[in-house]
Amino acid sequence: MITKGQKINDRYEIIRAIGEGGMANVYLGYDTILDRNVAIKILRGDLSNDEKFVRRFQREALSASSLAHPNIVEMYDVGEDDDVYYIVMEYVDGKTLKQLLKRRGSLTLSEAIDIMLQLTDGMAHAHDSYIIHRDLKPQNIMIKDDGQIKITDFGIAMALNATQLTQTNSVMGSVHYLPPEQASGKGSTIKSDIYSMGIIFYELLTGSLPFRGDNAVEIALKHMKDPLPSVRDDNPSIPQSIENIILKATAKNPKNRYDDARSMHDDLLTALDDERMNEEPVKYKYPEHENDNTKKLKKVEDLEEPEETEDTEEIVTKVEEDDDKSKKKIIIILSIIFGVLLLILMIIFFVVPAIANKKAVTVPDCKKLEVGTCEKKLQALGLEVNTKIKTVSSSNVKKGRVVKTDPEKGRSVKKGTKVTIYKSSGNKTYELDDYTGKNYIEVQTILETKYGLIVEVEKKEPTDASKEYDDQEIIGQSLAKGSKVEKGDSIILYIANVVDKFPDMQGEGWSIDDAEAFCSKYGLTISTTYQETTAYEEGKVISQSRAAGSPIVKGTTLNVVIAKKPVEKKDNKKTTTDEDDKDKKETEEEPESN
């Protein structure tokens with residue numbers, strides 16, 4: 001258990017937890033030697049017991065530590081302290097790209113291109129070092145206040161993919177960004193990362209994911225089969241050149257994608273050039289699916305007849321020679337076919353009758369019998385019993401008793417047929433994991449399809465009000481980690497009761513642009529007033545009429561006060577002249593009228 005103030009390797013002091021994942025937890029730490037804040041990713045205890053996994057984890061993390069690029073989170077240290085395996089990396093003070101999308105919805109075209117240029121540049125550097133990320137998604141991309149992005153989780157994605165090990169044996173990474181080749185169980189290449197970047201680009205421009213479904217399997221199938229929705233249908237102002245980049249990056253067939261991240265980066269640089277904006281939609285060179293690989297033949301009338309030349313006689317001679325060779329081949333093939341037919345006839349007339357002479361017997365029903373009793377029953381009928389007894393789980397057959405045989409009961413077989421006995425190991429039990437922080441759809445799919453559990457999902461108010469939760473994130477479960485369950489048992493997964501609420505715009509440093517985008521996303525009317533002040537940066541929100549944390553009601557008005565730089569006041573004092581003094585004196589000397 002990692003606690004606040006604890007020191008890792010007598011150097012890195014734990015300040016607080018800043019993130020949780022399926023296989024590691026992330027903490028904000030302080031490097032006491034170099035006097036700087038760092039992010040410390042610590043491997044969860046249940047994974048640290050697998051030596052093979054730990055070796056791969058460390059090796060791949062060290063490999064990723066060689067990456068030095070402004071758009072990749074830098075790794076400082078990898079080590080182990082009292083069975084605690086950790087990675088120390090650069091601490092990025094910002095938010096994830098996913099959090100930005102939740103706040104803003106879709107981004108502007110220029111913002112999206114700027115982010116993608118940084119992303120492709122960083123990935124090109126990684127691919128040059130033969131490092132594949134395998135888990136690219138907005139949750140693994142940090143964005144700082146100045147707009148710079150940082151790609152995270154390089155070594156971890158490599159290590160997990162190498163061992164095909166996760167806590168739930170589920171597909172690595174988020175299924176929403178999963179390339180078709182990974183969804184179908186094939187290996188990953190640099191083109192797998194390119195597909196994920198194409199899906200991210202789509203989400204940046206539209207504010208939504210291209211494929212959705214009730215479970216992970218359904219979404220994965222859509223990645224493999226369904227065409228990508230058009231971003232221009234969602235926003236016609238997006239140039240065709242931009243849609244072409246997304247289509248080329250997200251092609252089902254990797255052959256149709258960019259060869260590398262650098263090619264995608266270069267394409268983005270010129271996408272908004274005038275001569276490219278309205279280019280023709282991209283056409284794939286290779287078929288997207290195997291069943292599309294049908295060759296088109298030319299029509300007979302389209303074929304040109306060869307012109308007659310002086311070498312016509314030589315051509316005729318050549319054709320005759322080829323014709324003789326073809327005839328010889330046909331004779332050889334016919335001879336082979338005749339020989340095979342003769343062999344089949346011999347089998348039918350001599351071998352089959354010999355086999356048929358063996359009497360047929362019916363395999364008896366041995367279910368729920370003791371293994372020894374079943375063996376005697378089979379042998380009495382002239383059947384051979386396989387010496388290797390197999391074991392299967394069963395909820396209705398007592399442990400040690402026979403569940404079934406192969407061939408199964410009632411089958412008519414020849415005497416001497418070998419029969420395999422399957423005995424019961426009892427009802428199979430499973431040990432539950434801690435699913436907190438994971439996507440409930442993926443977990444529910446695994447628990448229902450693999451373990452046969454009855455899964456219910458209920459919303460629950462989170463205990464930590466300061467933490468930002470995803471609407472599909474598990475925050476608790478009715479059965480604790482380590483609980484033993486059987487097929488048919490029930491479990492409740494609790495997800496955060498996420499209700500759209502007003503943010504603390506002033507506390508979070510929102511700008512007028514952020515506030516306007518927020519109101520547009522939720523259908524609110526915004527009313528702005530400006531206040532001169534030096535306490536806040538110009539253009540930032542000073543206050544809001546709707547309290548932070550209060551529920552959002554569509555159609556309501558939000559009044560915000562925006563900081564404005566004070567106007568410098570000029571000195572308005574008039575300079576008096578001699579004439580002014582004279583007039584003033586004469587006025588004072590005038591007698592009062594009666």
Side-chain angles (χ1 to χ4, degrees), residues 1-96 122-123 125-126 129-137 139-142 144 149-167 172-174 193 434 437-438:
M1 181 69 180
I2 306 299
T3 57
K4 180 180 178 180
Q6 180 178 343
K7 275 192 177 181
I8 305 295
N9 201 24
D10 289 328
R11 174 176 179 176
Y12 306 108
E13 183 179 344
I14 299 296
I15 298 175
R16 59 182 171 87
I18 56 177
E20 295 181 358
M23 58 118 236
N25 296 327
V26 186
Y27 299 87
L28 172 61
Y30 173 70
D31 186 342
T32 57
I33 294 178
L34 296 180
D35 187 25
R36 64 182 178 186
N37 285 340
V38 292
I40 307 172
K41 184 156 288 199
I42 297 178
L43 194 64
R44 293 176 66 146
D46 46 351
L47 291 179
S48 62
N49 297 325
D50 190 321
E51 292 183 8
K52 184 179 178 181
F53 173 79
V54 170
R55 285 197 304 270
R56 287 185 180 273
F57 176 80
Q58 292 175 322
R59 184 168 66 248
E60 300 296 352
L62 285 169
S63 175
S65 68
S66 64
L67 297 176
H69 190 275
N71 296 122
I72 296 176
V73 168
E74 186 177 356
M75 287 193 181
Y76 297 142
D77 191 10
V78 179
E80 180 263 335
D81 180 21
D82 195 19
D83 292 331
V84 174
Y85 296 90
Y86 63 89
I87 300 173
V88 181
M89 62 190 78
E90 173 188 2
Y91 172 65
V92 181
D93 187 10
K95 49 184 170 286
T96 67
M123 290 309 304
H125 177 75
S129 301
Y130 306 102
I131 293 178
I132 306 170
H133 194 291
R134 291 183 173 89
D135 194 23
L136 277 175
K137 54 187 177 182
Q139 294 90 326
N140 285 340
I141 301 170
M142 301 293 296
K144 299 169 70 175
I149 71 159
K150 294 277 188 176
I151 310 167
T152 67
D153 279 357
F154 264 96
I156 295 157
M158 290 283 290
L160 280 174
N161 193 276
T163 58
Q164 296 180 345
L165 175 65
T166 64
Q167 290 190 321
M172 266 300 302
S174 173
D193 284 345
D434 180 9
K438 298 179 182 177

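Values below: all heavy atoms of this structure, side chains included; hydrogens, waters and symmetry mates excluded.
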Taking side chain as C-beta onward, heavy atoms only, is I2 less than 4.5 Å from I42? yes
Salt bridge (Lys or Arg N to Asp or Glu O under 4.0 Å) partners of residues 79-89, not counting sequence neighbours, each pair once: none
Calculate, to the nearest 0.5 Å, the distance between atoms CG and CD1 belonging to D153 and I141 respectively. 11.0 Å
For I15 and K4, work out which heavy atoms get closest and say how close. O-CG, 3.3 Å
Going by heavy atoms in the side chains, are Y91 and I18 under 4.5 Å from each other? yes
Give, for atom CD1 of I151 and atom CG of N71, the distance between the pair rounded to the nearest 0.5 Å. 6.0 Å
N/O donor-acceptor pair under 3.5 Å between N140 side chain and D135 backbone: yes
Listed partners of H125 passing side chain to side chain contact (heavy atoms under 4.5 Å, CB included), at least two apart: L67, H69, I72
N9: what forms a side chain to side chain donor-acceptor pair (under 3.5 Å) with it, not counting sequence neighbours? Y86
Can you tell me how far the CE atom of M142 sits from the CD1 atom of I149, to the nearest 0.5 Å? 11.5 Å
Suppose we screen for side chain to side chain donor-acceptor pair (under 3.5 Å). Which residues come up paired with E90, at least two apart in sequence or across chains? K150
Quick check: do Y27 and Q6 have side-chain heavy atoms less than 4.5 Å from each other? no
With the side chain counted from C-beta on, respond yes when T96 and T152 share a heavy-atom pair under 4.5 Å apart, and no when they do not. no
Checking the side chain of D77 only, and the main-chain atoms of V88 only, is there a donor and an acceptor separated by less than 3.5 Å? no
Is there a side-chain contact between I14 and T3, using heavy atoms and a 4.5 Å cut-off? no
Residues in side chain to side chain contact (heavy atoms under 4.5 Å, CB included) with K95, at least two apart? Q99, L100, R103, I143, D145
Give me each pair satisfying salt bridge (Lys or Arg N to Asp or Glu O under 4.0 Å) with a member in residues 5-19, each pair once, sequence neighbours excluded. R11-D31
List for me each residue that meets side chain to side chain donor-acceptor pair (under 3.5 Å) alongside D35, sequence neighbours excluded, and say none if there are none. Y30
